[in-house]
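Below, chain A is the first sequence line, B the second, and so on; all start at residue 1.
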Amino acid sequence: MKTTIDKVHEHVGEEVTLGGWLANKRSSGKIAFLQLRDGTGFIQGVVVKAEVNEETFELAKRITQESSLYVTGTIVKDERSPLGYEMHVKKLELIHEAVDYPITPKNHGTEFLMDHRHLWLRSRKQHALMKIRNEVIRATYEFFNEQGFIKVDPPILTGASAEGTTELFHTKYFDEDAYLSQSGQLYMEAAAMAFGKVFSFGPTFRAEKSKTRRHLIEFWMIEPEMAFMDHEDSLELQEQYVSYIVQSVLKNCQIELKTLDRDTSKLENVQAPFPRITYDDAIKLLHEKGFDDIEWGEDFGAPHETAIAESFDKPVFITHYPAKIKAFYMKPDPDRPEVVLCADLIAPEGYGEIIGGSQRIDDLELMEKRYEEHHLHGPAYEWYLELRKYGSVPHSGFGLGLERTVAWIAGIEHVREAIPFPRLLNRLYP
RNA sequence: UCCACCGUAGCUCAGUGGUAGAGCAAUCGGCUGUUAACCGAUUGGUCGCAGGUUCGAAUCCUGCCGGUGGAGCCA
């Protein structure tokens, strides 16, 4: 009977066949240990010379790393296994012999591993990371569907930028200039006016020459947009959403978190509500901490964000930034027009900003004024103004960076391992 | 774009002016509970590239190329 490693607990004492690859092996004169993986997990196969025919034992000793094979044997419980189960092998059938697999069981450098990313994904740690990424995605769909959102997909090819600040990838759309999307937000605002509560999940592109552990050239973003929700409503949704995905990973990815040696006590604490600090108070906090390189009106750098995050044991919202350093579409605070109704959510442990969100300007005249200030003109921007012309309502939205969130939950050093095939500065291969 | 560090065997690294090294991988042999298994042997080199200094350069100098980390920008 064929099965998979994630289902072996249902077959204790039974003889089953697994299709898989040899991750590693150890052998002595009369016993061989095969570390097998099949995509659903890892299990050890034990081949005892006295219990199999000579041909099978010889194959067990000879088989090379990452060769593919069918393995038949009996599933047994064993305390010594991290999985809790082992297979006592009766029969091995080699499908394909791998010769000189490059990723050997030892330390490798980043460049070498990234050049072999197509193979590196097979390793235990990378496998665990992709499972956690998948759980975050699965929980995202579940959360927003339960909350009455529908998924709307914005275009990837666009005629203009959403923020006007970051560098865009330029391409041609037949005879017109076009750009790869750096945010679906403007389109999501249109969708919110059509469907109420919407979210998108897709790739986004920034042609910045960023070279840090927090940056990718191509990354995935989840962008919800909600009609009739103000800034406060949006913050509550955000903390519920982030708590939901963290708790889902804790619930469904225990093996993976263990593989990654993640300190889960820090994740268990991630429950709504999250602490909040205004931009004003954050500046004061930084001055108290000895940062004299920042004044009111300036944006935070990475060291500032980390210092603020270190003052809290949960993700923290920084709210009410000066309007000048934020995007043109953010709604001014009615009580203090020099600041806007926005918030960045800073993850703990130095992982940086994982969410940026705001209430949007819903007044046509103010939006037209912003267009003039930011020199936004031309047909590419006309439709966005019309959202304020025909039945404008208060609305808010935010964007969550998937890879930063996964990197934080998984506790890894660099976002490049949180995406299957990272696009980095100087890396378009594989 | 700027700053710092790095580039030596398939991989990870040591060697800082005088014969090119180790561990792992691979190959051969040994070993009945291994967890990056272990033990013995064998194989493996355009010292990133170009130029310069020197009797002599992996080592010192200049330029270039590539990488890593960080800054700015942002999720």
Tell me which nucleotide among B:U68, B:U34, B:C31 gets nearest to the side chain of A:Glu86.
B:U34

Selection from B:U34, B:U68, B:G72 that lies nearest to any side-chain heavy atom of A:Lys211
B:U68

B:U16, syn or anti by chi within 90 degrees of zero
syn

Would you say B:G69 has OP1 or OP2 under 4.0 Å from some side-chain N or O of A:His414?
yes

For B:C74, does OP1 or OP2 lie under 4.0 Å from any side-chain N or O of A:Arg213?
no

A:Arg214 side chain near B:A71 phosphate (N/O to OP1/OP2, under 4.0 Å):
yes

Ignoring backbone atoms, test whether A:Asn426 places a side-chain nitrogen or oxygen under 4.0 Å from the OP1 or OP2 oxygen of B:G67.
yes

Stepwise ring pair (Phe, Tyr, Trp, His ring centres under 6.0 Å) check, A:Tyr279 with A:Phe300:
CA-CA 10 Å; A:Tyr279 173 89; A:Phe300 301 125; 5.2 Å; yes

Positions of residues 217-224 of chain A (non-hydrogen atom under 4.0 Å from RNA chain B), listed by number:
A:Phe219, A:Met221

Scan A:Gln65 against the nucleic acid and name what it touches under 4.0 Å (heavy atoms): base, sugar-phosphate only, or nothing.
nothing

Mind listing the N/O atom pairs, protein and nucleotides 21-24 of chain B, below 3.5 Å?
| residue | atom | partner | partner atom | Å |
| --- | --- | --- | --- | --- |
| B:G23 | N2 | A:Lys106 | NZ | 3.2 |

Base-pairing assignment for B:U68 (Watson-Crick or G-U wobble, both under 3.5 Å):
B:A4

